[in-house]
Amino acid sequence: QVELVESGGGLVQSGGSLRLSCAASGRTFSSYAMGWFRQAPGKEREFVAAIRRNGGSTYYADSVKGRFTMSRDIAKNTVYLQMNSLKPEDTAVYYCAADKGVVIRTRPDYWGQGTQVTVSS
């Protein structure tokens, strides 16, 4: 069992930056693949970024590639999502997720409560 708590969301102007954090409690998150998803109003939840369970590689949705960077700090049991060059279409609730598998699946085993990101034009 793992609990995930996101923070760092907020309101930012187009072109700005935010860094989201996801703190994991319980079992160390190095035992999980970790990911970020987002859900905009009226839309389905979509994949944003993920890191493999062994931390060997990260991968991103095409819509955020080159602008977002996911990382993890094992000592702090925390993963981050650095978001640069934000656009209004990035506005969504962002969710942290953990998966027992080697890679994040479309329906991970655990979800955080979400943090709102709003990008104004």
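In what follows, residues are counted from 1 in the order of the sequence shown.
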Can you check whether Thr91 reaches Gln116 side chain to side chain, under 4.5 Å on heavy atoms?
yes
Counting distance only, does the side-chain N/O of Asp99 pair as donor-acceptor with the main-chain N or O of Ala33 below 3.5 Å?
no
Answer with yes or no after comparing the ring centroid distance for Phe47 and Tyr59 against a 6.0 Å cut-off, counting only values under it.
yes
Considering residues, nucleotides and ligands other than Gln39, do more than 12 of their heavy atoms fall under 6.0 Å from its CD?
yes
Main-chain N/O of Met70 paired with Tyr60 side-chain donor or acceptor, under 3.5 Å:
yes
Would the number of heavy atoms belonging to other residues, nucleotides or ligands and lying under 6.0 Å from NZ of Lys43 be above 12?
no
Can you find a heavy atom in the side chain of Leu86 that is under 4.5 Å from one in the side chain of Leu18?
yes
Please check if the side chain of Ser21 supplies one atom and the backbone of Ser7 the other of a donor-acceptor pair under 3.5 Å.
no
Are Val48 and Ile104 grouped together when hydrophobic residues (ILVMFWY) are joined by side-chain heavy atoms under 4.5 angstrom apart?
no
Run the side chain to side chain contact (heavy atoms under 4.5 Å, CB included) check on Val102 and Asn54 step by step: do they pass?
CA-CA 7 Å; Val102 175; Asn54 63 5; 5.7 Å; no
Under a 4.5 Å side-chain heavy-atom rule over Ile, Leu, Val, Met, Phe, Trp and Tyr, are Val103 and Val64 clustered together?
no
Given side chains that start at C-beta, do those of Arg72 and Tyr80 come closer than 4.5 Å, heavy atoms only?
no
Using 30° and 60° as the class boundaries, would you call the ring planes of Tyr110 and Tyr32 parallel, tilted or perpendicular?
perpendicular
Just by modelled atom types, is the Ser121 backbone N or O under 3.5 Å from a matching donor or acceptor in the Ser14 side chain?
no
So, are Arg38 and Asp90 salt-bridged, with charged N and O less than 4.0 Å apart?
yes
Is there side-chain contact between Trp36 and Cys22, with at least one heavy-atom pair below 4.5 Å?
yes
For residues Asn84 and Ser17, is any side-chain donor paired with an opposing acceptor at under 3.5 Å?
yes
What verdict does the side chain to side chain contact (heavy atoms under 4.5 Å, CB included) test give for Met83 and Arg67, after you've listed the backbone C-alpha separation in whole Å, the side-chain angles of each residue and the deciding distance to 0.1 Å?
CA-CA 6 Å; Met83 305 185 295; Arg67 300 188 298 122; over 6 Å; no
Has the side chain of Gln82 got a donor or acceptor atom that lies under 3.5 Å from a matching backbone atom of Phe68?
no
Using side chain to side chain contact (heavy atoms under 4.5 Å, CB included), reason through Met34 and Leu4 one step at a time and then give a plain yes or no.
CA-CA 10 Å; Met34 300 295 295; Leu4 306 171; 4.0 Å; yes
Distance col, row Cys96:SG vs Leu20:CG, nearest 0.5 angstrom, shows 9.5 Å
Does the cation-pi check pass for Arg45 over Phe37, that is, NZ or CZ under 6.0 Å from the six-membered ring centre and within 45° of its axis?
no
Whether the side chain of Glu6 engages the backbone of Gln113 through a donor-acceptor N/O pair (distance < 3.5 Å, no angle test) should be reported.
yes
Side chain to side chain contact (heavy atoms under 4.5 Å, CB included) between Val93 and Thr115: does it pass, once the steps are laid out?
CA-CA 5 Å; Val93 177; Thr115 185; 6.0 Å; no
Side chain to side chain contact (heavy atoms under 4.5 Å, CB included) with Glu89: which residues, sequence neighbours excluded?
Lys87
Check: Leu81 and Tyr94 side chains under 4.5 Å, non-hydrogen atoms:
yes
